[in-house]
Amino acid sequence: MPFSFLLLLHCFIFPQISHQFRVFHTSDIHGWINGHRRASTMDATFADYKNLLVHANTSLPANTTLLSFDCGDLIQGTGLSDSTTIPGSFIQEVVALMDFDGRAPGNREWLTNVLINHVADTVYPAMKGRYLAANIKHSRSTKPLADPYRIITIPDFGSILVIGAVEDESGTDSDCTVTEVSKTFTEEYIEIIESSDIVLIIILISAPPSQHETLDLRKKFSSYSGNRIPLLVLTGESHEVSELKEGNHLVIESYTQFQILTEIRFTLVRSDSSTNTLPTVSFSNVSVERHTTSKAAFQTLVNKSESEWKTKQGTDIQEMIDAKSRQLELHFPIACSPKTYLAIFNNSIPSKASPSLYPLVTDTIFPKMDPMQNLISPQTPKDGSKLPDVLYMINSNSLQAHLFEGDVYRDDVFSIDPYQNTFSAIENITFTDMKKLLAFHGELIRTNSDQTSNEINNFTNVYQVTSFKMPTAGKETSAQLNHIFSIVTNNYDCIRILPALNSIASNGKVYTQTSSSLLTRTTFEDYFRQHLKCTAATTFDIVLMVSLSVVFLCAVGVGLTVFLLCLKRRKRKMAEERWKQEVEYVLDETAAPYAKLHQDFD
């Protein structure tokens, strides 16, 4: 019997079936749910995203499923996420209305017990089984924080296993514990896979594609499924765009701040066999598209015009966002910037570009505001060294948004400095130790201090330091050699700078830190309000002046009208008085002869 006939017979008895998928993915939103006000190519809000999902779902072709997922880190980025009483509470409320098919939390959502308990009490119930992280637990076992997985059933095709996880090193407070990924996803998942007719495994994790937790999950679930089921791995945290197609694995990351929306299209092909009760499934026709997050781009994706665009769900979300923005006074101008300053570390600024915001912070904003003035010892009188007493330092990833020319809004302050960092200081640093610190090269100084790998780097490649000229070796004056410095930085950087300083300190000296409760963000806002001015009129100024001019002209017009009416009335009254007097005179003159005649007759 010919082989081709046997193959045809096998396909007839055990046919392959297929199903198409359209998946949308976001990660690291960081509060940017109301569009990017100064970028027309990123003006879409989460209301527009909701409109997109509604329209896409109602126009799906037959045999196609639409899914949407997010991989965490919703907070630390805008006023909507960080100026609320509980940071992120409003963002979480909006995201619950997006009806994502699954969402993994990011490490920013577990920093304090307030955040943790808000998730347990509000976010987890609102997400209705779609908030997924198997390796986090509340300290009280009866209080759930997230579900380990969910199963999505595709009629007449099979089921999808969606699992969620956070990275092992997620910073958290006492009310939450994080278990290592390798110890969480045990072989019990084999039974889930085999008993639920699983045809696709989707892994949601707020960790980079190359990080060990992501790699460990890929390895485990490939093994658990017998390498017969494809893995779609959706990641986050590194703020990069990446994709990897490796065998039956598709690994995707989707940038940050809702600047890109990733769309993944693929077909799953399922083959059943008489010798194996479990199906073999494979990816086919895979495509990954990165869409700009503009309303126009979203409308094009679903072929909708402006008049057809709005949906009831999207409108409700936009009304919520607008009301909260007004309540928090996020879009009222507080200052005016005379030029644009880029949130790009000085070493990376292209030539002829706008200046960097980093030296403005360390050379002007912090020194002008003197945030530690009442907490560190007064500096000695000028010693003739011509060296600064205080060096301000911030790391190269501290500033998260540009300061644009023109009106500055309260929301801009949160975008530039979205963290809850406070000020810290290290005092009485000798000239010798400061010189060694600025020349420091070692693993204590990393390009990303959150990463577990020891990335070795130079101190000044990682930290922006107040500008000054260190004297040439061998040419220092006595005053310079005896000069004493202080460092003022934020608490996040201080716990990294201090160990480096102590590791090179002379004569066994041990430096300590002094801490403040003042937020660095508060200092930015105070400086902007007090010192950031424009010489030219801004849009706000022009609108204000025009408005005042209109009001003035209206007031003048009203006053003049009233004056003319009063004058007219007075003239009329005077005319009436004159007419009355004339009539009385005429009557008197006419009546006089008759009065005399009447007297004579008597």
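By the side chain to side chain contact (heavy atoms under 4.5 Å, CB included) test, S81 is found to be paired with I75, T78, I91, residues two or more places apart in sequence or in another chain being considered. Listed by chain and number, the residues in a side chain to side chain donor-acceptor pair (under 3.5 Å) with K324 are Q327 (sequence neighbours excluded). F46 pairs by the ring-ring contact (aromatic ring centres under 6.0 Å, His included) definition with Y49, F258, not counting sequence neighbours. K245 meets the salt bridge (charged side-chain N to carboxylate O under 4.0 Å, His left out) test with no other residue; sequence neighbours excluded. Under the salt bridge (charged side-chain N to carboxylate O under 4.0 Å, His left out) criterion, D370 pairs with no residue, sequence neighbours left out. Here D73 pairs with nothing under the side chain to side chain donor-acceptor pair (under 3.5 Å) rule; sequence neighbours left out. By the side chain to side chain donor-acceptor pair (under 3.5 Å) test, R37 pairs with H331, D412, sequence neighbours left out. With sequence neighbours excluded, the residues that form a side chain to side chain contact (heavy atoms under 4.5 Å, CB included) with S139 are D175. Listed by chain and residue number, R218, S222, L231 satisfy the side chain to side chain contact (heavy atoms under 4.5 Å, CB included) test with H249 (two or more places apart in sequence, or in another chain). Every residue meeting the side chain to side chain contact (heavy atoms under 4.5 Å, CB included) condition with N502, not counting sequence neighbours, appears here in chain and number order: L498, V510, Y511.
Between S225 and I193, the closest heavy-atom pair is N-CD1, 4.3 Å. Across all their heavy atoms, I192 and I198 have their closest contact at O-CG1, 4.0 Å. Closest heavy-atom contact between S337 and V408: N-CG2, 3.8 Å. The two residues A165 and L217 make their nearest non-hydrogen contact at CB-CD1, 4.2 Å. Here the shortest heavy-atom pairing between V178 and D168 reads CG1-O, 3.9 Å. Closest non-hydrogen pair, L375 versus S516, comes out as CD1-CB, 3.4 Å.
Side-chain N/O atoms of T520 and N490 include no donor and acceptor closer than 3.5 Å. K143 and N117 form a side-chain donor-acceptor contact under 3.5 Å, judged by distance and modelled atom types alone. With 3.5 Å as the limit, one finds a donor-acceptor pair spanning the side chains of Q318 and T45. Counted by atom type alone, D197 and S159 present zero donor-acceptor pairs between their side chains at under 3.5 Å.
Listed for the N395 side chain is no donor-acceptor partner under 3.5 Å among the backbone atoms of V462. Under a 3.5 Å cut-off, the side chain of E237 and the backbone N or O of D28 do not form any donor-acceptor pair. A donor-acceptor pair under 3.5 Å is absent between the side-chain atoms of D493 and the main chain of I394, judged by distance alone. Looking only at distances, no side-chain donor or acceptor of D322 sits under 3.5 Å from a matching main-chain atom of E319. In this structure, the side chain of Q513 does not engage the main chain of I495 through any donor-acceptor pair within 3.5 Å. Of the possible polar contacts, none joining the R265 side chain to the E289 backbone as a donor-acceptor pair under 3.5 Å is found. In this structure, the side chain of T58 engages the main chain of V54 through a donor-acceptor pair within 3.5 Å. Side chain of T293 to main chain of A44: no donor-acceptor pair is present (N/O by atom type, distance under 3.5 Å, no hydrogens or angles). For the pair D82 (side chain) and Q76 (backbone), a donor-acceptor distance under 3.5 Å is present. For E109 (side chain) and L74 (main-chain N/O), a donor-acceptor pair under 3.5 Å exists by modelled atom type.
A ring-ring contact (aromatic ring centres under 6.0 Å, His included) with F524 is found for one member of F366, Y341, F414 and no other, namely F366. A side-chain hydrogen bond (donor to acceptor under 3.5 Å, both in side chains) with T262 is found for one member of R290, E243, H291 and no other, namely R290.
More than 12 heavy atoms of other residues, nucleotides or ligands lie within 6.0 Å of OH in Y224, so this atom counts as buried by the packing criterion. In this structure, E329 places its CD atom where only 12 or fewer heavy-atom neighbours from other residues, nucleotides or ligands lie under 6.0 Å away. Within a 6.0 Å radius of NZ in K220, other residues, nucleotides and ligands contribute more than 12 heavy atoms.
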Practice problem: For the pair N34 and L330, evaluate side chain to side chain contact (heavy atoms under 4.5 Å, CB included) and give the outcome as yes or no after the intermediate values. | Solution: CA-CA 11 Å; N34 199 25; L330 296 178; over 6 Å; no
Exercise. Step by step, work out the salt bridge (charged side-chain N to carboxylate O under 4.0 Å, His left out) result for K312 and D316.
Key: CA-CA 6 Å; K312 174 65 168 60; D316 289 345; 2.6 Å; yes
Practice problem: Show your working on side chain to side chain contact (heavy atoms under 4.5 Å, CB included) between C176 and L145 and close with a plain yes or no. | Solution: CA-CA 9 Å; C176 178; L145 279 175; 3.9 Å; yes
Exercise. Just do the side chain to side chain contact (heavy atoms under 4.5 Å, CB included) check on Q257 and M42 with the steps written out, would you?
Key: CA-CA 10 Å; Q257 296 181 348; M42 297 184 292; over 6 Å; no
Exercise. Carefully, step by step, assess L342 and S356 under the rule side chain to side chain contact (heavy atoms under 4.5 Å, CB included).
Key: CA-CA 5 Å; L342 301 178; S356 171; 5.7 Å; no
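The side-chain heavy atoms of I202 and D101, taken from C-beta on, include no pair separated by under 4.5 Å. Contact check for T422 versus L519: side-chain heavy atoms found under the 4.5 Å cut-off. Counting only heavy atoms from C-beta outward, the side chains of Q92 and V119 approach each other to under 4.5 Å. The shortest distance between side-chain heavy atoms of V94 and L80 does not fall below 4.5 Å. Between D70 and V95, the closest side-chain pair of non-hydrogen atoms is not below 4.5 Å. Put simply, the side chain of E93 reaches to within 4.5 Å of the side chain of M320, judged on heavy atoms. Taking 4.5 Å as the limit, some side-chain heavy atom of L532 sits within range of a side-chain heavy atom of L403. For the pair N491/S424, a side-chain contact is recorded, criterion being any heavy-atom separation below 4.5 Å from C-beta on.
Residues R521 and E525 are not paired through a salt bridge, judged by the lack of any N-O separation under 4.0 Å between the basic side chain and the carboxylate.
Each ring-ring contact (aromatic ring centres under 6.0 Å, His included) pair with one or both residues in residues 117-151, not counting sequence neighbours, appears once here: Y149-Y189.
Between F21 and F266, the angle of the ring planes stays under 30°, which puts this pair in the parallel group of the 30/60° scheme.
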Would you tabulate the side-chain donor-acceptor contacts of residues 180-188 under 3.5 Å, counting partners in other chains and residues two or more places apart, or write 'none'?
unit_1: T184; atom_1: OG1; unit_2: E180; atom_2: O; d: 2.8
unit_1: T186; atom_1: OG1; unit_2: E188; atom_2: OE2; d: 3.1

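Geometrically, R22 does not engage F24 in a cation-pi contact, judged by NZ or CZ lying under 6.0 Å from the ring centre and within 45° of the ring axis.
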